[in-house]
Amino acid sequence: MSTKLDLKISVDKLLPIIKEVVQEVNNLSIERQGVLIQEFSKYYKEEKSFEKGVSLQELANAEQGKVITRFPPEPNGYPHIGHAKAAIIDEEYARMYNGKMILRFDDTNPLNEKIEYYQAIRDGLEWLGIKPDLVKNTSDDILVLHNYGKRLVSEGHAYICTCTSDIIHKNRAEQIECDCRRNQNEANDRLHRMFDGQYSQNEAIIRFKGDMQSLNTVLRDPTLFRIIDHPHPLLGSKVRVWPTYDLAAPIEDSMDGVTHALRTKEYELRNELYYSILSRLKMRSPILIEFSRLEFDGMPVSKRKIKPLLEGGIISSWDDPRLPTLIALHHRGFVPEAIRKFILGLGITLAETKPPFETLESINRKMIDPISLKLFFVSSPVELRVEGGKFGKIELRNHPTQDLGNREVEIANKFYIASPDAEDLQIGQKVRLMELYNIKILEIRYENNKKVLIGSYEGDRVIQNIKKIQWVAENDAVEFSVKVPKELFIGDIYNPNSLELKTGYAESFVSKLKAGTLVQFMRFGFCSILNGKSATYTHR
RNA sequence: GCUCCGAUGGUGUAGUACGGCUAAGCAUUUCGCCCUCUCAAGGCGACGAUCCCGGGUUCAAAUCCCGGUCGGAGCACCA
């Protein structure tokens with residue numbers, strides 16, 4: 001009815017009829033109602049593609065209220081757009097089925113984890129508006145994991161291998177089982193030594209009895225535990241025997257009740273191992289689903305590429321606007337709703353592609369347009385003197401259609417306009433100073449080698465079809481600069497011109513704004529305020 | 001090298017499990033027009049895909065089968 005205008009108009013006439021029908025239906029038995037619903041549903045085909053791009057396709061074997069997903073980042077760096085994809089998909093599915101979503105820090109390698117990163121990931125998720133139903137660490141379960149490992153060994157599904165990594169590597173390639181695997185009678189003894197600290201790092205590992213003949217090399221007796229003598233950010237040096245991802249992930253997922261475990265597609269080959277470990281342990285197995293990684297062209301996500309730039313001082317921090325980290329996107333002026341909509345629009349695909357950053361920008365632009373203060377900034381300013389114009393205080397609107405308040409500006413006869421505009425103007429041309437008045441260019445001269453435009457006041461009324469330009473009053477101008485991020489990498493190499501600095505004057509009003517305020521500098525672009533003197537360019 | 005995965009307009013995707021309703025929807029980009037005190041937003045429109053290639057099955061294939069090509073991943077005591 002909401003889409004049929006004629007019905008809408010005559011709603012008061014329809015109301016009695018509607019009430020009658022509702023009464024009639026309510027008098028029927030529940031069974032009868034069910035039968036009728038079935039019948040009627042035949043006439044109403046589901047509109048599948050309704051609001052496409054904002055909802056995910058159905059999950060296999062998903063029951064309302066019973067779906068549990070999990071987002072398992074390793075706390076080894078700042079979360080980026082790739083993490084956002086995984087986390088948003090996990091959360092969206094949990095929400096879609098009225099289920100639960102777990103945030104699990106997969107912190108099983110003390111060499112990589114840092115306490116700082118646990119927090120950075122939490123902050124990133126919070127910004128995205130993701131509230132996990134449970135937050136835990138894989139390391140919380142370290143003893144349980146040890147027990148499962150011991151069980152695998154004592155039941156003959158795993159063994160302690162003391163071969164060198166070279167030998168292991170070679171045997172894998174040649175599909176040969178080593179003696180460690182074959183001597184089951186030594187297993188228990190070795191097991192004790194493993195956990196009693198009698199082996200040193202690199203001396204022994206626990207390996208899964210997979211299948212050395214398998215074409216899937218992951219199955220050729222992969223490592224389940226190794227010894228790492230390095231303090232863990234949460235457990236210190238108490239623990240030396242650490243599980244690998246291959247062991248920890250399936251057990252944790254199974255124990256946590258995860259029904260649908262989503263991961264990126266580079267894990268595809270490990271699915272067989274995952275299921276195999278759980279079945280040897282006779283544990284319930286989640287459904288594994290994979291999707292492609294998310295990365296932008298020229299904006300690498302990999303720590304391998306970013307860390308050198310950071311360490312070399314080329315990039316000063318993880319929130320540099322050229323980076324795809326969540327904190328960078330945030331500080332640059334992207335809103336979390338835009339990230340979510342963008343990611344959901346991508347869907348779950350196995351195709352390895354790099355979506356256009358412009359699409360994200362476009363979504364964001366539409367979202368921030370109504371909430372951005374519309375202000376003036378002139379880059380590479382050129383002086384403009386107006387004869388016959390008014391002096392004194394005037395009020396300017398902060399947004400043409402939204403109520404975002406006004407600002408007061410004191411004007412005189414001197415202004416600055418942006419150099420690209422100044423270059424364009426011809427003598428005799430009429431142009432409007434936005435929100436102020438019209439002028440005519442009388443003269444273009446040079447004073448001390450600097451261009452100065454002289455114009456005359458030509459009335460207040462808005463004239464169609466003349467150029468409208470932004471301006472800053474001379475006595476209201478503050479020096480201002482905007483950082484404009486470009487592609488960090490071109491192909492595989494660092495782009496030295498990836499950060500451009502545009503300098504000029506902005507209205508003094510900007511110095512009153514809090515960091516993070518979103519503005520649109522008219523005819524320049526959307527920006528996020530950094531402080532009273534600078535901003536970061538969000539996008540055009 | 002071996003194994004696995006993928007392949008729809010410039011880009012990202014929908015559709016592909018149950019072949020016809022789709023010579024293919026949406027978004028983005030680009031370009032017009034309208035609106036507008038912005039180079040933004042909004043409205044309208046246009047350009048743009050023989051659905052990687054070659055065979056086959058079928059009355060009918062983007063959708064099924066076979067064989068290629070190209071791209072990605074794995075072959076870690078990382079996750």
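Every chain is numbered from 1, with letters handed out A, B, ... down the list of sequences.
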- [ ] Measure distances between side-chain N and O atoms of A:Glu358 and base N and O atoms of B:U11, and say whether any donor-acceptor pair falls under 3.5 Å.
- [x] no
Open item on the list: Among A:Tyr457, A:Phe376, A:Trp471, exactly one meets side chain to side chain contact (heavy atoms under 4.5 Å, CB included) together with A:Leu433. Which residue is that?
Closed with: A:Trp471
Task: Pairwise 5' ranking along RNA chain B for A:Asp369 and A:Glu435, keeping only the more 5' one - done: A:Glu435
Task: Phosphate OP1/OP2 of B:C37: any A:Gln464 side-chain N/O under 4.0 Å - done: yes
Task: Centroid-centroid distance, A:Phe509 to A:Phe480, less than 6.0 Å - done: no
Open item on the list: Students often get this wrong, so: under 4.0 angstrom with heavy atoms, is A:Lys374 touching a base, only sugar-phosphate, or nothing?
Closed with: base
Open item on the list: Less than 4.0 angstrom from a charged side-chain N to a carboxylate O is my criterion; do A:Arg70 and A:Asp256 meet it?
Closed with: no
Open item on the list: Please confirm whether the shortest side-chain N or O distance from A:Ser292 to OP1 or OP2 of B:G6 is below 4.0 Å.
Closed with: no
Open item on the list: What's the gap between B:C47 and B:U69 when it is taken at their P atoms, as a whole Å value?
Closed with: 37 Å
- [ ] Would you indicate, yes or no, if B:A41 has its OP1 or OP2 atom less than 4.0 angstrom from a side-chain nitrogen or oxygen of A:Arg365?
- [x] yes
TODO: Remember a base hit wins even if backbone is also touched, and classify A:Arg540 as base, sugar-phosphate or nothing at under 4.0 Å, heavy atoms.
DONE: sugar-phosphate
Open item on the list: With heavy-atom distances below 4.5 Å as the criterion, would you say the side chains of A:Asp253 and A:Tyr274 are in contact?
Closed with: yes
- [ ] Assign A:Asp421 to base, sugar-phosphate, or nothing according to its heavy-atom contacts below 4.0 angstrom with the strands shown.
- [x] base
TODO: Treat a base pair as Watson-Crick or G-U wobble with both distances under 3.5 Å, then lay out RNA chain B in dot-bracket form, 5' to 3', with | for cross-strand pairs.
DONE: (((((((..((((......[....)))).(((((.......))))).....(((((..]....))))))))))))....
- [ ] For each nucleotide in nucleotides 73-79 of chain B, reading 5' to 3', give B when a protein heavy atom comes within less than 4.0 Å of its base, S when such contact involves only the sugar-phosphate, and - otherwise.
- [x] BSSSBSB
Task: Nucleotide B:U38, atom P - distance to CD1 of A:Ile466 in whole Å - done: 11 Å
- [ ] Determine yes or no for a side-chain-to-main-chain donor-acceptor pair under 3.5 angstrom, with A:Trp242 supplying the side chain and A:Ile227 the backbone.
- [x] no
